[in-house]
Number of protein chains: 2
Amino acid sequence: MTGPARRGSRPWRTPTEAQILDAALALLDAGGLAGASIRRIAAAIGAPPGAVYTYFPDREAVAAAVVERVLGEVERATPSARDQPGRDTIEAIAVALRERLVAHPGVVPLLVNGPVNGPNALLLRERLLGLLNDAGVAGESGARGAYVVIVYIVGSVALEAAEPPPVGPLPPEEERIAGRRDTLAAIPADTYPRTAAAADVIATWIGTEQYMWGLRRVLNGLLNPALQ
Amino acid sequence: MTGPARRGSRPWRTPTEAQILDAALALLDAGGLAGASIRRIAAAIGAPPGAVYTYFPDREAVAAAVVERVLGEVERATPSARDQPGRDTIEAIAVALRERLVAHPGVVPLLVNGPVNGPNALLLRERLLGLLNDAGVAGESGARGAYVVIVYIVGSVALEAAEPPPVGPLPPEEERIAGRRDTLAAIPADTYPRTAAAADVIATWIGTEQYMWGLRRVLNGLLNPALQ
DNA sequence: ACCTGAACACCGTTCAAGT
DNA sequence: ACCTGAACACCGTTCAAGT
């Protein structure tokens with residue numbers, strides 16, 4: 001933090017830093033992790049590869065900044081909303097996180113390839129801790145419950161983004177579910193009878209309905225006093 | 001499937017295939033994803049880089065085979081155990097999966113970088129579907145519930161393995177928790193008051209106790225008839 | 001028929017040499 | 001003081017040339 005304080009809503013110190021992150025995100029969206037090389041990012045902004053190292057120490061730092069940018073979008077998409085119950089706001093954050101990350105599936109592997117420690121990540125964690133408290137779960141249970149919610153969100157999005165195609169934007173949800181249904185239809189029912197019987201539901205595992213279904217059960221398990 | 005049928009308990013057709021996977025897993029353990037290059041794998045078995053392509057079409061196929069090998073260890077570590085309730089066996093599988101994956105943290109990113117579709121993965125899914133059924137949750141709820149369990153396991157392990165150091169074996173759990181406690185102690189309490197207040201619990205998020213705590217709540221939410 | 005080893009088109013990162 | 005562009009040490013993958 002040697003530069004001047006950040007001003008207004010622009011989160012990056014220099015135009016070039018923002019240009020690099022714009023280019024990195026666009027390349028991640030278009031070509032996945034492999035497409036977002038330092039050399040291609042540099043080429044996209046018309047600079048030699050080495051120029052990137054004026055602003056970021058290494059590739060990992062660029063990745064971390066891209067994650068931070070996307071988490072910032074989630075932060076801004078879910079205003080504090082102090083008037084609704086904590087549980088509803090937790091669900092709103094979970095929905096916004098999935099929505100933003102599925103919109104940028106190339107970013108998802110970055111969540112898992114290294115620690116997520118930026119200010120926006122810390123802010124989301126802080127908010128979740130408060131919301132669990134608002135929902136009636138305080139102290140150690142609140143802190144443990146917040147992590148279960150994080151695990152559910154990250155795990156869901158990671159498995160969803162790991163589906164083919166690994167590059168380019170994800171097709172619409174119905175299309176991906178239809179593709180899974182086709183794949184599942186080829187599974188031998190004699191070897192995997194339960195899978196075959198449940199194929200139509202398994203096809204929808206990566207969809208919004210399953211996400212909300214699971215989120216509600218997870219929150220039930222966390223927030224119901226009878227189950228503590 | 002053009003080769004001869006697989007014989008006995010050896011899951012790989014040729015010694016060289018097994019050699020490649022041994023070398024890949026050892027390199028993943030030692031140096032993470034970046035350390036397990038095709039060229040290094042080939043060097044480890046004393047072959048030119050191109051030799052790997054006699055057995056695997058590309059790097060992704062090697063990665064998928066390594067994942068399959070680790071999932072096979074889980075399969076063998078959790079015999080069917082038809083005499084205990086479904087819930088207990090689900091917990092046993094969840095424990096075994098985490099144990100095997102944390103032992104090979106370099107394998108974890110592979111779970112998320114592409115689809116996991118091998119026979120051992122399908123077998124684990126099949127077993128989970130049956131166990132949810134045994135635990136009293138059938139039909140659509142059983143199929144949805146199985147995925148929530150998978151999401152919880154994969155999400156937990158992914159976040160745990162994403163902690164530094166990204167290469168080499170993970171230090172003992174207590175050591176990693178102590179490291180997290182030190183990091184968390186540096187977080188400004190005025191900006192993140194709830195994080196600071198809960199720091200000692202947050203430090204343990206990556207530990208066995210949190211994993212079991214969350215697993216039980218998740219299963220409570222899934223298996224309790226009153227919450228369906 | 002099979003495998004090798006060289007080659008191709010890339011990487012991330014560094015750093016002397018220029019301005 | 002800053003940036004460039006070339007260089008270094010790597011990649012994954014292909015394939016002609018050998019045996």
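Computed from a predicted model, the values in this text were never measured in an experiment. What you see below is based on every heavy atom in this structure, not just the backbone, and it leaves out hydrogens, waters and symmetry mates.
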Looking at A/Arg69 and A/Asp22, is any side-chain nitrogen of the basic one under 4.0 Å from a carboxylate oxygen of the acidic one? yes

B/Arg125 with B/Glu75: basic N within carboxylate O range, under 4.0 Å: no

Spell out protein contact along nucleotides 12-19 of chain C as letters: B when the base is contacted, S when just the sugar-phosphate is, - when no protein heavy atom is under 4.0 Å; keep the 5' to 3' order. BBB-----

Is the closest basic N to carboxylate O distance between B/Arg98 and B/Glu173 below 4.0 Å? yes

Atom-pair distance (CD1 on B/Ile41; C1' on D/dC10), nearest Å: 15 Å

Here the pair of heavy atoms bringing A/Gly168 nearest to A/Pro105 is O-CG, 4.0 Å

Passes side chain to side chain donor-acceptor pair (under 3.5 Å), B/Gln210 versus B/Thr204? Steps please. CA-CA 7 Å; B/Gln210 163 78 32; B/Thr204 70; 5.1 Å; no

Using the side-chain contact (heavy atoms from CB on, under 4.5 Å) rule, take B/Leu101 and B/Val74 through it: C-alpha gap first, then chi angles, then the decisive distance, then the call. CA-CA 9 Å; B/Leu101 288 169; B/Val74 174; 6.0 Å; no

For side-chain contact (heavy atoms from CB on, under 4.5 Å), just list the numbers for A/Thr195 and B/Leu122, CA-CA rounded to whole Å, side-chain angles, deciding distance to a tenth of an Å, and then say yes or no. CA-CA 8 Å; A/Thr195 303; B/Leu122 301 194; over 6 Å; no

Taking for each residue the nucleotide of DNA chain D with the nearest heavy atom, is it B/Ala34 or A/Ala47 whose nucleotide lies nearer the 5' end? A/Ala47

Under a cut-off of 3.5 Å for both distances of each Watson-Crick or G-U pair, what dot-bracket string does DNA chain C give, using [ ] for crossing pairs and | for inter-strand pairs? ||.|||||...|||||.||

Rounded to whole angstrom, note down the C1' distance from D/dT19 over to D/dC15. 16 Å

Using the side chain to side chain contact (heavy atoms under 4.5 Å, CB included) definition, which of the options A/Trp205, A/Tyr152, A/Tyr211 pairs with B/Val148? A/Tyr152

Nearest-Å distance, CG (A/Leu33) to C1' (C/dC11)? 13 Å

